[in-house]
Amino acid sequence: MRGGYGYQLDQGDTLSQPWYNFKYWGKRAWAGFIAVVVIIIVIIIIVAVEVTKKNAYPDYTQLNYSLAETYSGTSFFDNFDYFTGYDPSSGFVHYVPEAQATALNLTYASSSTAVLRVDTSVGPADNPNASTGRFSVRISSKNQYGLNSLFIFDVVHSPLGCGTWPALWLTDPSDWPYHGEIDVMEAVNVVSTTSNQMTLHTTSGCSMDVKRKETGKSLSTSCVNTTSDNAGCGVDAGSTTFGADFNSAGGAILAMELRSAGIRMWQFGRSSIPSDITSGTPDPSTWGEATADFPSTNCNIGNHFQNQSIIANIDLCGTWAGATSVFSENCSGSCTDYVANNNGSFTDAYWEFGAFKVYSAS
Ligand SMILES: *[C@@H]1O[C@H](CO)[C@@H](O)[C@H](O)[C@H]1NC(C)=O
Ligand SMILES: *[C@@H]1O[C@H](CO)[C@@H](O)[C@H](O)[C@H]1NC(C)=O
Ligand SMILES: *[C@@H]1O[C@H](CO)[C@@H](O)[C@H](O)[C@H]1NC(C)=O
Ligand SMILES: *[C@@H]1O[C@H](CO)[C@@H](O)[C@H](O)[C@H]1NC(C)=O
Ligand SMILES: *[C@@H]1O[C@H](CO)[C@@H](O)[C@H](O)[C@H]1NC(C)=O
Ligand SMILES: *[C@@H]1O[C@H](CO)[C@@H](O)[C@H](O)[C@H]1NC(C)=O
Ligand SMILES: *[C@@H]1O[C@H](CO)[C@@H](O)[C@H](O)[C@H]1NC(C)=O
């Protein structure tokens, strides 16, 4: 029977039974309903797992650091080896041994400062000339470091010049890329002022496509050396963090913490150096967000980073600075011709450091 207003149930009249009244559902309807519920539950679980993964973040709880080593003063270079082999980065450079570096004044240390420079003395008409590469220096610390290390680098001047590829970094020179590479400062062909790049390089199984807490800008998230010609997972530290403006501001303090939770780097301008760094009791847990954060979420830091030596060098041309498309952005002609023939253009191509300090936590 149908009433005057809307709808009443007529027993036996299947057509008039409302679909949403489960009392009248058949087996097929129930099966369909259960299937839908199961699918919804599975979707909820997948979303929850993905959200959890996306929010996964390591525990950077406070570590208690104590001073392990200081590189400073007139003995600054004593605890470094001078690399003299063929340049692994295919640069247009002859890395000279210690005696020649000292004679050419390419490394120089006083009580307050250590300088590492590119040679400017060899002109195109000299014999020998720089037609097969210019003299430069690459030093690596004799001591090597692992997890629970905190490095404080006082950098007063960053190198400038067409063709230059300076870096302050760490790796195990005898086991690259298996023991990893940590680039704290790196830039190429700096003619004015530019951004510092902080980068990791590893073997397979290290990605930064995860939650991070950093003020810098991620440039690429695969750290694996076979991705994009070994570009690494770089972070742009921000404008004026390398080059002329950096230098005229007196440089900065670069801090790098290596621990199983992750690798973090900070770049502090002279006016914003945390007081615990100045007082020699650095505590990264009080510094706020890092400039570059490489959490361990998708990268086993202890496996990928071992036996790290501190390295400072100035390469010339090579696979990055010398790439035509890169060189021509700010400089003209061929990189190697430029480097061979313009000795007077490398007077600003030098690193100047204050002290390097390494702290360790047990
Ligand atoms: C660090 O030192 C503080 C204070 O001395 C202490 O409470 C804390 O447990 C220590 N942390 C570690 C990881 O040793
Ligand atoms: C070597 O370089 C340092 C730093 O630039 C400079 O102060 C010093 O005068 C140079 N020494 C010589 C002998 O040129
Ligand atoms: C460049 O080389 C020429 C020739 O050797 C030399 O006279 C000049 O002083 C050099 N320039 C610099 C900046 O060292
Ligand atoms: C530069 O040196 C190479 C040998 O190292 C020599 O063959 C060449 O003639 C030199 N160039 C000049 C301009 O003296
Ligand atoms: C290249 O020149 C441009 C324009 O002057 C400047 O913005 C940029 O920072 C320069 N790059 C380098 C590496 O010096
Ligand atoms: C990457 O590392 C492997 C060793 O794992 C090496 O054989 C290869 O040449 C490296 N490739 C680049 C582009 O660095
Ligand atoms: C590399 O580091 C490990 C500990 O991480 C150490 O046992 C080993 O002796 C180191 N190797 C070298 C060559 O320093």
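Small disclaimer: the values here were computed from a predicted structure and weren't measured. We count ligands from 1, going down the list as the structure has it; atoms in each ligand are counted the same way.
Atoms of ligand 2 lying under 4.0 Å from at least one heavy atom of Arg117, given by number and element, are 2 (O), 4 (C), 5 (O).
The shortest N/O to N/O separation between Asn64 and ligand 1 falls below 3.5 Å.
The aromatic rings of Phe353 and Trp351 sit parallel to each other, their planes meeting at less than 30°, with 60° as the upper class boundary. Classification of the Trp30-Phe33 ring pair by plane angle, with boundaries at 30° and 60°, yields perpendicular.
More than 12 non-hydrogen atoms from other residues, nucleotides or ligands lie less than 6.0 angstrom from CG of Asn330.
Residues Cys299 and Met208 have side chains in contact (heavy-atom distance under 4.5 Å, counting atoms from C-beta outward).
Checking side-chain atoms of Asp236 against main-chain N and O of Gly238 turns up a donor-acceptor pair under 3.5 Å.
Put simply, no part of Glu352 is less than 4.0 Å from ligand 2, judged by heavy atoms.
Other members of the hydrophobic cluster containing Tyr60, listed by chain and number, are Tyr57; membership follows side-chain contacts under 4.5 Å among ILVMFWY residues, whether direct or relayed.
Two rings, from Phe356 and Phe76, have their centers less than 6.0 Å apart.
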Distances only, to 0.1 Å: what are the N or O pairs between ligand 4 and the protein that fall under 3.5 Å?
residue	atom	partner	partner atom	Å
ligand 4	2 (O)	Asn129	OD1	3.0
ligand 4	2 (O)	Asn129	ND2	2.5
ligand 4	11 (N)	Asn129	ND2	2.7

